[in-house]
Each structure stands twice: as structure tokens, then as C-alpha cells.
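What's counted below: heavy atoms across the whole structure, side chains too, no hydrogens, waters or symmetry copies.
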Amino acid sequence: MPPLPPARLLDRVRFEAQRHRLSPRTATTYAAWVRRFVLFHEKRHPAEMGAPEVTAFLSHLAVEANVSASTQNQALAALLFLYRAVIGRELENLDSAARAHRSPRLPVVLSRDEVRRLLGALHGVARTEATLLYGCGLRLLECLSLRVKDIDIDRNQVLVRAGKGDKDRRTPLPRSLVPTLREQLDRAKRLFDGDCREGFGRVALPHALVRKYPGASREWAWQWVFPASRRWRDAASGEEHRHHEHPTVLQRAVKLAAAEAGFAKRVTCHALRHSFATHLLEDGSDLRTVQELLGHSDVRTTMIYTHVLNVGPLGVTSPADRL
């Protein structure tokens with residue numbers, strides 16, 4: 001018999017999110033929005049409420065909390081999932097909710113010299129990770145969750161598994177990074193061998209692969225390229241595993257490196273991905289190719305990088321330069 005769903009509301013949200021194959025981060029985010037929705041209506045159960053209460057909550061987010069359009073859409077997606085997957089009914093007539101205004105925003109892009117200075121201010125593993133972000137156009141978690149089998153040095157490519165939208169894609173591996181990447185793989189291998197000698201060495205596998213391939217969790221090919229410095233204990237099984245490096249480690253390193261380089265712009269890890277796309281377009285790559293490398297579903301998302309090329313907005317040269 002299938003397992004019974006949990007009794008508590010937030011546990012049921014997480015249970016249904018897992019059953020619908022949503023990512024753990026999405027499940028956590030949805031549960032947080034459901035909790036906020038319940039507290040906003042003075043702890044009334046959502047089954048006793050409906051579209052009017054959801055409309056009031058969304059209007060509160062837009063008018064009083066002054067959230068962005070993407071944040072309000074995230075809350076709406078969480079509540080639609082709550083009523084559809086957990087409570088078992090559809091919400092209708094949500095058009096009357098006040099909607100947050102979506103303003104166009106241009107990405108922060110570094111020049112090639114700024115990228116060079118930023119990478120020069122980084123050291124060790126952080127520099128290798130940041131170079132992958134820029135050289136492959138990876139998102140932060142896509143980089144940190146790379147496994148050994150995803151790095152194909154012979155074919156100079158990186159395979160991104162289950163990226164945003166649960167999509168796989170390939171992206172070029174910088175040849176200049178190969179020696180450094182081999183050193184990082186050697187360090188990860190020594191750490192893995194040490195864990196195995198101590199009776200550990202198991203790594204978390206996606207979905208049900210741990211049952212399909214029982215021995216894969218202790219195979220070198222499935223280990224993280226950037227493992228964490230400490231092991232963690234699974235509360236359910238009591239086993240110790242080693243996860244990949246936490247995102248905040250690289251985020252702090254990039255922030256400190258940007259301050260050391262003296263940048264007057266806000267530099268994040270994602271700015272390196274923006275720079276990857278912009279520099280490819282400047283080098284003559286077509287928009288469709290850049291869309292594939294970035295993993296965008298819609299080419300209109302990729303087109304935003306045409307507005308930040310170094311020839312000026314919309315590719316126009318200032319007339320003052322012709323005087």
C-alpha cells in the first residue's frame with residue numbers, strides 16, 4: 001500500500017512536492033509561502049478559505065509589502081499548488097488581485113578586464129569555481145553540484161544535469177582550466193579515498209537511483225567535484241555523507257574579491273554567467289547558440305544580453321564619437 005500522507009499541513013505540502021518531483025528548494029519555498037498565507041489569515045486552515053482570501057493575500061504582498069512581481073508570482077504558484085495538489089480543488093477568479101509591477105531590469109555584466117581582475121583576486125578552489133561560472137555560463141548551484149562523471153576533459157565539455165527546469169545541457173569546458181581542474185579532481189579523490197577508509201564515502205543520489213544502482217553511491221564517478229569540507233549526518237538513516245560545497249562559501253569569496261578589485265558595481269556569482277553570454281555575443285556567436293548554452297527555454301530571455309553589448313545600448317554608437 002502507498003504511504004499515508006502526513007497529517008500536518010506543511011508536511012503534506014512537502015510530501016506532495018516530493019511526489020510531484022519538485023526540487024527540495026522549491027518544496028521549502030512553497031511550504032514557507034503556505035505558512036505565511038496561514039499566518040496572514042490568523043491561522044485559519046486553507047481548506048476553510050478560497051479565492052477571496054488568496055486574492056487578499058496577493059494584494060497585501062503587492063500593495064503593503066511592496067514585493068516584486070517575481071516574488072508575488074512565486075507566492076501565487078505556491079498557493080495554486082497548495083489548493084490543487086494538497087487540498088484537491090482549483091482556485092478561480094483571482095484576476096481581482098492587485099499585481100506587482102514588473103519593471104525591466106538589465107543584468108550586471110563585467111568587462112573582460114574586470115573578469116580578469118576578479119578572477120585574479122580569487123584563490124584556490126573559489127577561483128576554479130568562478131572560472132567555471134564564467135567559462136561555461138553555469139548557475140551557482142549547477143557548478144557546485146557537478147559530479148565527476150559530468151566533466152568530460154577529452155571532449156572539452158561539461159554536462160549540466162537537471163538544471164533549471166529539470167533540463168540537461170552541454171556547455172564548453174575552457175581548455176585553460178583543464179590543469180587546474182585535474183588538480184581539483186585529485187584533491188576530491190584523496191578526500192573520497194579517506195572517507196572510504198573510515199567507512200563512509202557514500203554520496204546522495206537523485207530520485208530513486210540509490211535503489212536502482214545500490215553501489216553507485218560509493219563509486220568515484222558519482223562523487224562531487226567540489227565536496228564540502230565536513231560530512232553531514234542524515235537524520236532519517238543515521239548515515240554520514242559528504243555534500244557539495246555550500247553556495248555561501250563561493251558567494252562570500254566573490255564579494256570579497258570584488259571589493260579587493262575595487263569594483264563600483266554590485267558583483268555576484270550570477271554576473272559571471274551574464275558576462276559569459278554577453279562576451280559570446282560580442283565575439284559573433286548567434287543568439288540561438290547562446291540560448292542553448294545557457295539553457296533558456298525562450299529566446300526572449302537570451303535577447304536581454306543584446307542590450308548590454310560593449311557597442312552601446314541596442315548596438316548603437318554614440319554620435320559624439322563621430323565628431
Side-chain angles (χ1 to χ4, degrees), residues 107-164 167-192 220-227 244-245 247 249-251 253-254 257-258 261 263 267-296 302 305-306 308-310:
V108 175
V109 175
L110 305 177
S111 67
R112 298 170 196 265
D113 180 65
E114 287 174 331
V115 172
R116 192 177 298 112
R117 288 161 50 198
L118 179 67
L119 296 179
L122 291 166
H123 307 283
V125 179
R127 181 169 184 173
T128 305
E129 294 165 343
T131 306
L132 273 176
L133 294 180
Y134 171 69
C136 304
L138 302 180
R139 299 178 178 91
L140 176 57
L141 280 178
E142 290 175 346
C143 173
L144 298 181
S145 60
L146 286 174
R147 300 179 190 262
V148 174
K149 64 183 183 60
D150 299 332
I151 305 293
D152 192 343
I153 293 180
D154 293 334
R155 297 175 61 87
N156 286 296
Q157 65 181 14
V158 174
L159 180 59
V160 180
R161 292 284 190 184
K164 189 174 181 179
K167 295 178 293 186
D168 295 352
R169 72 179 191 277
R170 289 184 174 88
T171 187
L173 174 66
R175 296 178 183 271
S176 58
L177 191 61
V178 169
T180 306
L181 201 53
R182 289 187 187 274
E183 294 177 2
Q184 173 59 28
L185 290 173
D186 289 339
R187 285 193 292 267
K189 184 66 164 61
R190 290 194 297 269
L191 194 62
F192 169 63
W220 165 238
W222 285 94
Q223 303 301 311
W224 307 112
V225 176
F226 302 106
H244 61 68
E245 183 182 286
V249 177
L250 181 56
Q251 288 172 331
V254 169
F263 292 149
V267 179
T268 63
C269 294
H270 211 64
L272 292 170
R273 174 175 158 90
H274 294 323
S275 304
F276 164 83
T278 305
H279 296 168
L280 281 181
L281 292 173
E282 290 174 353
D283 290 339
S285 298
D286 64 276
L287 201 62
R288 186 71 177 85
T289 300
V290 177
Q291 178 194 0
E292 289 289 331
L293 294 176
L294 292 176
H296 288 160
T302 316
Y305 298 109
T306 63
V308 289
L309 299 178
N310 64 359

Evaluation steps, side-chain contact (heavy atoms from CB on, under 4.5 Å), between Lys164 and Leu141: CA-CA 10 Å; Lys164 189 174 181 179; Leu141 280 178; over 6 Å; no
Steps toward side-chain contact (heavy atoms from CB on, under 4.5 Å) verdict (Leu144, Glu129): CA-CA 8 Å; Leu144 298 181; Glu129 294 165 343; 3.6 Å; yes
Pair Phe192-Val148, side-chain contact (heavy atoms from CB on, under 4.5 Å): steps then yes or no: CA-CA 12 Å; Phe192 169 63; Val148 174; over 6 Å; no
Review item, side-chain donor-acceptor pairs of residues 130-139, under 3.5 Å, at least two apart:
{"unit_1": "Thr131", "atom_1": "OG1", "unit_2": "Arg127", "atom_2": "O", "d": "2.7"}
{"unit_1": "Tyr134", "atom_1": "OH", "unit_2": "His279", "atom_2": "ND1", "d": "2.7"}
{"unit_1": "Arg139", "atom_1": "NH1", "unit_2": "Glu142", "atom_2": "OE2", "d": "2.6"}

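When side chains are defined from C-beta on, Arg116 counts as touching Asp113, because their heavy atoms get closer than 4.5 Å. By the 4.5 Å heavy-atom criterion applied to side chains, Leu118 and Val115 are not counted as neighbours. Using a 4.5 Å cut-off on side-chain heavy atoms (C-beta onward), Asp152 and Leu173 make no contact. Using a 4.5 Å heavy-atom cutoff, the side chains of Leu185 and Val225 are in contact.
In this structure, the side chain of Gln291 engages the main chain of His296 through a donor-acceptor pair within 3.5 Å. Between the Lys167 side chain and the Gly295 main chain, a donor and an acceptor come within less than 3.5 Å of each other. Judged by distance alone, the side chain of Glu114 and the main-chain N or O of Phe263 form no donor-acceptor pair under 3.5 Å. A distance-only check finds a donor-acceptor pair linking the side chain of Arg169 to the backbone of Leu293 [under 3.5 Å]. Looking at Arg147, its side chain does come within 3.5 Å of a backbone N or O of Trp222 through a donor-acceptor pair. Under a 3.5 Å cut-off, the side chain of Ser275 and the backbone N or O of Leu110 do form a donor-acceptor pair.
The line from CZ of Phe226 to CD of Gln184 is 5.0 Å long, rounded to the nearest 0.5 Å. In this structure, Tyr305 OH and Arg273 CZ are separated by 5.5 Å, a value rounded to the nearest 0.5 Å. Note that the CG atom of Asn156 and the CD1 atom of Ile151 stand 11.0 Å from one another [nearest 0.5 Å]. Between the NZ atom of Lys149 and the CG atom of Leu159 there is a distance of 6.5 Å, given to the nearest 0.5 Å. Distance check, rounded to the nearest 0.5 Å: CG of Leu280 to CG of Leu287 gives 11.0 Å. Atom-to-atom distance recorded for Thr171:OG1 and Asp150:CG is 12.5 Å, nearest 0.5 angstrom.
In this structure, Glu245 and Leu250 approach most closely via the heavy-atom pair OE2-N, 3.9 Å. Of all non-hydrogen atoms in Leu191 and Pro227, the two that sit nearest each other are CD2-CG, 3.7 Å. Residue Leu294 comes nearest to Ala277 through the heavy atom pair CD1-CB, 3.6 Å, listed as atom of the first residue, atom of the second, then distance. When all heavy atoms of Ser285 and Leu281 are compared, the closest pair comes out as O-CD2, 3.5 Å. In plain terms, the two heavy atoms of Leu146 and Val158 that are nearest each other are CD2-CG1, 3.7 Å.
Sequence neighbours left out, the pairs with a member in residues 171-192 that pass salt bridge (Lys or Arg N to Asp or Glu O under 4.0 Å) are Lys189-Asp193.
For Arg170, the CZ atom sits in a loose shell: 12 or fewer heavy atoms of surrounding residues, nucleotides or ligands are nearer than 6.0 Å.
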